Amino acid sequence: PMANREKNKKTLLELVKLPENSCCADCGAADPDWASCTLGIFVCLNCSGTHRNLPSVSRIKSIRLDFWDDELVQFMKANGNRAAKNFYEKFVPVFYYQPQPDDCEVLREQWIRAKYERMEFTEEKTERPYTAGVYEGMLWKKGKDNGQFLERKFVLSVHDFTLKYYKEDESKGPKATISVKDLNATFQPEKIGHAYGLQITYCVDDHTRNLFVYHKNGREIVNWFNAIRAIRHVYLKTAFPTASDGDLIPWITRRYLKEGYMEKTGPLVGVFPHRWLSLLFIGSESHGYSVRECVPKGTRGNKWKCGVIVETPDRQFVFMCEQERDQREWVEALKTVISKPMMPQDYTSKIITLLIRCAN
């Protein structure tokens, strides 16, 4: 049996080195160390935790530490990540968000449950709530004045490309009507203080506004996120009919490349307070955007000394960081963004979608 055990371990370690098995079947993390011996897939440590919560569907074993009998090893050999993907992900809608290794827990958990527990993507015609023309329900929304969360009705409609939300008395009409055109959504559990916290960002008169919302049910908040992605996908296809899905997918919702505090300096008036800034998109080098480190003159009021200058075709912005490491990270992140080619929709957007100033 000992020789058998070593032989089986060796076989598993060879299987997990094959290109199709060398990344986690669920989030794509490199070098998975775990496997579901009932689904025939190799997964990372984080995703294995979610699989353990689905005992009726998945049984998790370590490929290095656990005992594997011949039959299970043969099953892994006959299946593997590619076969599972072809079956369980056959009809994933193009807009549906597939989590990355560093995404928050709720996205990972709901993706795994949708695939293996609910088998949402094995059939073409499954009715999915987030693909309907209208998605509505109650979300807990953070109040502007006192920061308390109150339950509010939200309605997302593909017919007029809007997201509306209502106060208690719905007969008075929506409290806000938000165009899908500038809508962005990202999971921000730490910032919102809830594991299922979603930040919805949009523009009003060139100003960026945020809604901080959550739902007590993980499946429901991920449905909201994918409903927003579904409507954004339809909108982008309408706005840019010649663009391919491959071009549009990165623009459906965008993750922030870098977030944190910087001081924003004013040209004459001295210093504004610290701003929480989230980096999405600026413009490209070929259109006159540049970024560099600096020690600016005439910003004596600043407590922070590590400067970042962002040049745009219209004006110059100066931000101050507390430490050199922050300064380096911001410059690097900004350079990453401006070195990317622009999408057609960027030409029409106002320059400073730049650094989104989050209400903090």
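All figures in this text were calculated on a predicted structure; none of them were measured in a lab.
Taking the side chain as every heavy atom from C-beta outward, Leu13 and Arg64 approach each other to under 4.5 Å. Inter-residue side-chain proximity for Arg209 and Tyr202 is flagged as met; some heavy-atom pair is nearer than 4.5 Å. At a threshold of 4.5 Å between non-hydrogen side-chain atoms, the residues Leu15 and Phe42 count as touching. Side-chain contact between Gln98 and Val92: present, with at least one pair of heavy atoms (C-beta onward) separated by less than 4.5 Å. Put simply, the side chain of Arg108 reaches to within 4.5 Å of the side chain of Cys44, judged on heavy atoms. Using a 4.5 Å heavy-atom cutoff, the side chains of Thr122 and Lys90 are not in contact. Between Phe149 and Ile192, some side-chain heavy-atom pair lies under the 4.5 Å cut-off. Considering only heavy atoms from C-beta on, Thr11 stays 4.5 Å or farther from Met76 through its side chain.
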Go through the steps to decide whether Val213 and Ile200 satisfy the test side chain to side chain contact (heavy atoms under 4.5 Å, CB included), and finish with yes or no. CA-CA 8 Å; Val213 298; Ile200 296 170; 4.1 Å; yes

Please determine whether salt bridge (Lys or Arg N to Asp or Glu O under 4.0 Å) holds for the pair Glu6 and Lys10, giving the CA-CA distance in whole Å, both sets of side-chain angles, and the decisive distance to 0.1 Å. CA-CA 6 Å; Glu6 284 309 309; Lys10 188 167 176 278; over 6 Å; no

Start with the C-alpha gap between Asn8 and Asp69, add the side-chain angles, then the distance that decides, and say whether side chain to side chain donor-acceptor pair (under 3.5 Å) holds. CA-CA 7 Å; Asn8 283 347; Asp69 61 33; over 6 Å; no

Any chance you could lay out the side chain to side chain contact (heavy atoms under 4.5 Å, CB included) test for Ser22 and Val16, step after step, and finish with the verdict? CA-CA 5 Å; Ser22 64; Val16 83; over 6 Å; no

His233 and Arg229: side chain to side chain contact (heavy atoms under 4.5 Å, CB included), yes or no, with the steps? CA-CA 6 Å; His233 183 236; Arg229 286 181 60 86; over 6 Å; no

Steps toward side chain to side chain donor-acceptor pair (under 3.5 Å) verdict (Gln199, Lys191): CA-CA 9 Å; Gln199 177 177 337; Lys191 196 194 290 187; 2.8 Å; yes

Could you walk me through whether Thr38 and Arg59 satisfy the side chain to side chain donor-acceptor pair (under 3.5 Å) test, starting with their C-alpha distance in whole Å, then the side-chain angles of each, then the deciding distance to 0.1 Å, before giving a yes or no? CA-CA 6 Å; Thr38 44; Arg59 207 167 109 238; over 6 Å; no

Can you list the steps and then say if Arg328 with Glu332 is a salt bridge (Lys or Arg N to Asp or Glu O under 4.0 Å)? CA-CA 6 Å; Arg328 268 200 314 276; Glu332 210 171 291; over 6 Å; no

Report the C-alpha distance between Leu211 and Lys141 in whole Å, list the side-chain angles of each, state the deciding distance to 0.1 Å, and finish with yes or no for side chain to side chain contact (heavy atoms under 4.5 Å, CB included). CA-CA 7 Å; Leu211 298 175; Lys141 176 191 166 291; 3.6 Å; yes

Go through the steps for Thr201 and Asn210 under the test side chain to side chain donor-acceptor pair (under 3.5 Å), then give the verdict. CA-CA 5 Å; Thr201 308; Asn210 293 288; 3.1 Å; yes

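In this structure, Tyr166 is not a member of the same hydrophobic cluster as Leu156, with clusters built from ILVMFWY side-chain heavy atoms closer than 4.5 Å. No path of Ile, Leu, Val, Met, Phe, Trp and Tyr side chains, each step under 4.5 Å between heavy atoms, connects Val234 with Val155, placing them in separate hydrophobic clusters. Linking ILVMFWY residues whenever their side-chain heavy atoms come closer than 4.5 Å, directly or via other members, places Ile63 and Leu18 in the same cluster. Follow the hydrophobic side-chain contacts under 4.5 Å out from Val134 and you never reach Leu139; the two are in separate clusters. When the side chains of ILVMFWY residues are joined at heavy-atom separations under 4.5 Å, either directly or via intervening members, Val73 and Trp34 end up in two distinct hydrophobic clusters.
Not one N or O on the side chain of Asn21 forms a donor-acceptor pair closer than 3.5 Å with the backbone of Ile41. Although no hydrogens or angles enter the test, the distance criterion places no donor-acceptor pair under 3.5 Å between the side chain of Asp247 and the main chain of Ala243. A donor-acceptor pair under 3.5 Å is formed between the side chain of Gln327 and the backbone N or O of Gly307. Checking side-chain atoms of Ser58 against main-chain N and O of Pro55 turns up no donor-acceptor pair under 3.5 Å. Using modelled atom types, no side-chain atom of Trp330 and backbone atom of Val308 make a donor-acceptor pair closer than 3.5 Å.
Here the closest non-hydrogen pair linking Ala29 and Pro32 is O-CD, 4.1 Å. Considering every non-hydrogen atom in both Cys104 and Phe187, the closest pair reads SG-CB, 3.6 Å. In plain terms, the two heavy atoms of Trp140 and Glu151 that are nearest each other are CE3-N, 3.7 Å. Residue Ala83 comes nearest to Asn79 through the heavy atom pair CB-O, 3.8 Å, listed as atom of the first residue, atom of the second, then distance. In this structure, Pro189 and Ala195 approach most closely via the heavy-atom pair CB-O, 3.8 Å. Between Tyr130 and Pro93, the closest heavy-atom pair is CE1-CG, 4.5 Å.
Trp68 carries Lys61 over the face of its six-membered ring, with the cationic atom under 6.0 Å from the centre and within 45° of the normal. For the pair Lys142 and Phe212, the distance from NZ or CZ to the six-membered ring centre is under 6.0 Å and the angle to the ring normal is within 45 degrees.
Atom CZ of Arg52 is surrounded by more than 12 heavy atoms from other residues, nucleotides or ligands within 6.0 Å. In Glu324, the CD atom is not crowded: 12 or fewer heavy atoms of neighbouring residues, nucleotides or ligands sit closer than 6.0 Å. When the shell of 6.0 Å around CG of Asp31 is examined, it contains 12 or fewer heavy atoms from other residues, nucleotides or ligands.
The OG1 atom of Thr50 lies 4.0 Å from the CD1 atom of Ile112; values are rounded to the nearest 0.5 Å. Distance check, rounded to the nearest 0.5 Å: CZ of Arg232 to CD1 of Ile249 gives 11.0 Å. To the nearest 0.5 Å, the span separating CG on Asp66 from SG on Cys37 amounts to 9.0 Å. Note that CD1 of Ile60 is 5.5 Å distant from OG of Ser48, once rounded to the nearest 0.5 Å. With rounding to the nearest 0.5 Å, the separation of CG in Asp160 from CD1 in Ile231 is 7.5 Å. Of the inter-residue distances, the one linking Gln110 atom CD with Asn226 atom CG reads 10.0 Å to the nearest 0.5 angstrom.
Hydrophobic clustering, defined by side-chain heavy atoms of Ile, Leu, Val, Met, Phe, Trp and Tyr closer than 4.5 Å, leaves Leu65 isolated from every other such residue.
In summary, of the residues considered (Arg152, Lys164, Lys153), a salt bridge (Lys or Arg N to Asp or Glu O under 4.0 Å) with Glu170 occurs for Lys153 alone.
Between Phe91 and Phe121, the distance separating the two ring centers is not shorter than 6.0 angstrom. Aromatic pair Trp224/Tyr135: ring centres closer than 6.0 Å. A ring-centre distance under 6.0 Å is found for Tyr116 and His51. Ring to ring, Tyr97 and Phe225 are close: their centroids are under 6.0 angstrom apart.
For Phe161, the ring pair (Phe, Tyr, Trp, His ring centres under 6.0 Å) partners at least two apart in sequence or on another chain are Tyr235.
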